[in-house]
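Below is one structure, written out as structure tokens; the observations come after it.
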Amino acid sequence: FFMVVLGMMSFADAAEIFMASVILKDMKCDFNLTPVEEAIIPAIVFFFYAIGSIVAGKLSDMYGRKKVLMIGMIVLVISALLSAFVPSFWLFICCRAVTGFTIGANYGVSVVYFTEIVPVKHRSSAMLGMELFWTVGSVFECVVGMGVMVKYGWRAQVGITVIPCFFALLLLPFCDESARYYAISGQHDKALQVCKKICKRNRRTMPQGELKVSIEDRGKMSAVFSPELLRHTIILILIFFINMYHVFAIVILLPDVLLTNYCSAASFLGKETNAKGCEVLSKGDYEMLLVSAILCVPGFFLGTIVVEKLGRKKSFSVTAVVQIVCFCMALPCWGTWFLYVALAAMIIASTTFNQILWIYTPESYPTYIRNTAVGTLNALGKLGAASGTFIIETLDARDIRGSIGTFIALGCVLFAATLFLTKETKNQALQDTREQQAGLTYATLQDSNI
């Protein structure tokens, strides 16, 4: 139940990213957009996504995970629906800015929320379930686009996209607040009540012992960069930036390879128009987007398997090296099919690393600043995504090998950064307070497999 509700935040994240690709051509015709206005659509979402991620991270550490998610989901549904009916381009941009803010806010909070309610031994497999919703969201956007865009246009696409989020909003009130949040905010009775609910739901008895709580100075950005966490945070900022550069830029690179006939790769991306005479994505375009989305699934599974077999730190280093090898495979022109295999390997390797990163990061920060840290890192990572899409588009106009070269160079930096990580979180209970884990909090239930 929790996985379905919180997985919809991942669904919304993917749908927003893919929706920009699906509706852009039709919107360009409908509003007679200039190239600058076209570029504003994804840029504004990335920018406000980053702001929302930071703001919501801090607020959820201060006021609770569920409360922030509820507000974020309400605003998301309203702004997304409004953007389907706006009469002008700039009103659409305002609505998408609010939508980007709420998606950035909801995604990071949902990952932390889910991490805190899942037993230690199930954390990585639970995160796999959440990330699969990302694939479901992207596939949903492509399938809806194939059936809607030609007949009904971009407004119908935007309106239909928000429907699953509306159902998630209806279910969210039935989720319990994180007992860990209650414990570090001094709310003993509420923390105990949630623990008892979980025991009853899982047909387990409450562990013996005293439930200890503490009142922490929650949501302080300065604590994320405190002396004991400074090195760890700086390394993760670098890793997040490069990781999202790779993940998002590769999605852009794939169609460029086909459109420019790199290594004689035949393009199957044609042209199609809707009832208004506006150009929309062709069948080949949707097939390319679907392939990109579906290829993420093996990466999610591999990340989950590797992180349990090798541990978090070693998995980072191994997958970083694999990424570099996959990037190098795309440099020589050894035939069209070899190039397709190389591109598929690049997507799988990048999503494998991304899966490990989202398992590890919430585990490596204590509860009183966990959302603040994850939100900040996610926001700075989106700057890498924005940089990647811009740079790759610029370089590909001249030389696709230049684009691949940036992947390799940054991959080497990424590998070096992983070697400096000091925390190993495999099979470790989550920390709650600055000094140590707060006694028999919800971590006791996790360790008891309740």
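Computed from a prediction, not measured in an experiment: that's the story for all the values here. Only this structure's heavy atoms are used, side chains among them; waters, hydrogens and symmetry mates stay out.
- Across all their heavy atoms, Ala80 and Val162 have their closest contact at CB-CG2, 3.5 Å.
- Taking CG from Leu82 and OG1 from Thr99, the interatomic distance works out to 8.5 Å, rounded to the nearest 0.5 Å.
- The shortest distance between side-chain heavy atoms of Cys175 and Tyr113 falls below 4.5 Å.
- By the 30° and 60° cut-offs, the orientation of the rings of Trp154 relative to Phe92 is perpendicular.
- Side-chain atoms of Arg231 come within 3.5 Å of backbone N or O of Phe420 as a donor-acceptor pair.
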Output, in order, the C-alpha distance, side-chain angles, deciding distance and verdict of side-chain hydrogen bond (donor to acceptor under 3.5 Å, both in side chains) for Tyr181 and Ser60. CA-CA 9 Å; Tyr181 165 74; Ser60 65; over 6 Å; no

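- Side-chain atoms of Thr367 and Arg370 include a donor-acceptor pair closer than 3.5 Å.
- To the nearest 0.5 Å, atom CD1 of residue Ile239 and atom CG of residue Asn354 are 12.0 Å apart.
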Check against side chain to side chain contact (heavy atoms under 4.5 Å, CB included), Leu383 and Leu380: CA-CA 5 Å; Leu383 295 179; Leu380 295 174; 3.9 Å; yes

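- Between His246 and Phe353, the distance from one ring center to the other does not fall under 6.0 angstrom.
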Output, in order, the C-alpha distance, side-chain angles, deciding distance and verdict of side-chain hydrogen bond (donor to acceptor under 3.5 Å, both in side chains) for Thr422 and His232. CA-CA 7 Å; Thr422 56; His232 181 70; 5.0 Å; no

Between Thr161 and Glu141, is the side-chain hydrogen bond (donor to acceptor under 3.5 Å, both in side chains) condition met? List the steps. CA-CA 7 Å; Thr161 298; Glu141 198 65 28; 3.0 Å; yes

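- No side-chain heavy atom of Val318 sits less than 4.5 Å from a side-chain heavy atom of Val306.
- Ring pair Tyr107/Trp358: centre-to-centre distance below 6.0 Å.
- The environment of Lys66 atom NZ is dense: over 12 non-hydrogen atoms of other residues, nucleotides or ligands sit within 6.0 angstrom.
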Please assess Val98 against Cys94 for the test side chain to side chain contact (heavy atoms under 4.5 Å, CB included), listing each intermediate value before the final yes or no. CA-CA 7 Å; Val98 176; Cys94 291; 6.0 Å; no

Please determine whether side chain to side chain contact (heavy atoms under 4.5 Å, CB included) holds for the pair Leu357 and Met244, giving the CA-CA distance in whole Å, both sets of side-chain angles, and the decisive distance to 0.1 Å. CA-CA 11 Å; Leu357 184 60; Met244 292 197 182; over 6 Å; no

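- To the nearest 0.5 Å, the span separating SG on Cys296 from CH2 on Trp134 amounts to 5.0 Å.
- Residues Phe415 and Phe316 fail the side-chain proximity criterion, which asks for heavy atoms closer than 4.5 Å.
- The line from CG of Asn371 to CE of Met62 is 12.5 Å long, rounded to the nearest 0.5 Å.
- By the neighbour-count criterion of 12 heavy atoms within 6.0 Å, atom CZ of Phe89 is densely surrounded, having more than that number from other residues, nucleotides or ligands.
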Determine whether Phe166 and Leu170 satisfy the following criterion, side chain to side chain contact (heavy atoms under 4.5 Å, CB included), listing intermediate values before the conclusion. CA-CA 7 Å; Phe166 175 75; Leu170 296 179; 3.7 Å; yes

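- Checked against the 6.0 Å centroid criterion, the rings of Tyr49 and Phe101 do not qualify as a close aromatic pair.
- Across all non-hydrogen atoms, the minimal contact from Val374 to Ser53 is O-OG, 4.4 Å.
- Across all non-hydrogen atoms, the minimal contact from Ala223 to Ile369 is CB-CG2, 3.7 Å.
- Considering only heavy atoms from C-beta on, Leu414 stays 4.5 Å or farther from Phe241 through its side chain.
- No side-chain heavy atom of Thr361 sits under 4.5 Å from any side-chain heavy atom of Asn378.
- Residues Leu236 and Thr233 are not in side-chain contact: their nearest non-hydrogen atoms beyond the backbone lie 4.5 Å or more apart.
- Scanning both residues, Leu310 and Ser315, for their nearest heavy atoms gives CB-OG, 3.6 Å.
- A salt bridge does not link Glu363 with Lys423: every distance from a Lys NZ or Arg NE/NH1/NH2 to an Asp or Glu carboxylate oxygen is 4.0 Å or more.
- In this structure, Ile234 and Leu238 have side chains that are not in contact, with every pair of non-hydrogen atoms separated by 4.5 Å or more.
- In this structure Asp61 satisfies the side chain to side chain donor-acceptor pair (under 3.5 Å) test together with Arg65, Thr372, sequence neighbours excluded.
- Taking each heavy atom of Ala293 and Val139 in turn, the nearest pair found is CB-CG2, 4.2 Å.
- For the pair Thr304 (side chain) and Phe300 (backbone), a donor-acceptor distance under 3.5 Å is present.
- With Lys313 contributing its side chain and Thr418 its backbone, the two residues share no donor-acceptor pair below 3.5 Å.
- Distance check, rounded to the nearest 0.5 Å: CH2 of Trp90 to SG of Cys95 gives 13.5 Å.
- Counting only heavy atoms from C-beta outward, the side chains of Ile324 and Phe407 never approach each other to under 4.5 Å.
- Atom CE of residue Met73 and atom OG of residue Ser110 lie 9.5 Å apart, to the nearest 0.5 angstrom.
- For Phe47, the CZ atom is loosely surrounded, since the number of other residues' heavy atoms within 6.0 Å does not exceed 12.
- Remark: the backbone N or O of Thr352 is not paired with any side-chain donor or acceptor of Gln355 at under 3.5 angstrom.
- With Ser79 contributing its side chain and Leu76 its backbone, the two residues share a donor-acceptor pair below 3.5 Å.
- The local environment of CZ in Phe31 is crowded, with over 12 non-hydrogen atoms from other residues, nucleotides or ligands closer than 6.0 Å.
- Here the closest heavy-atom approach between residue Arg155 and residue Pro87 is recorded as NH2-CA, 4.4 Å.
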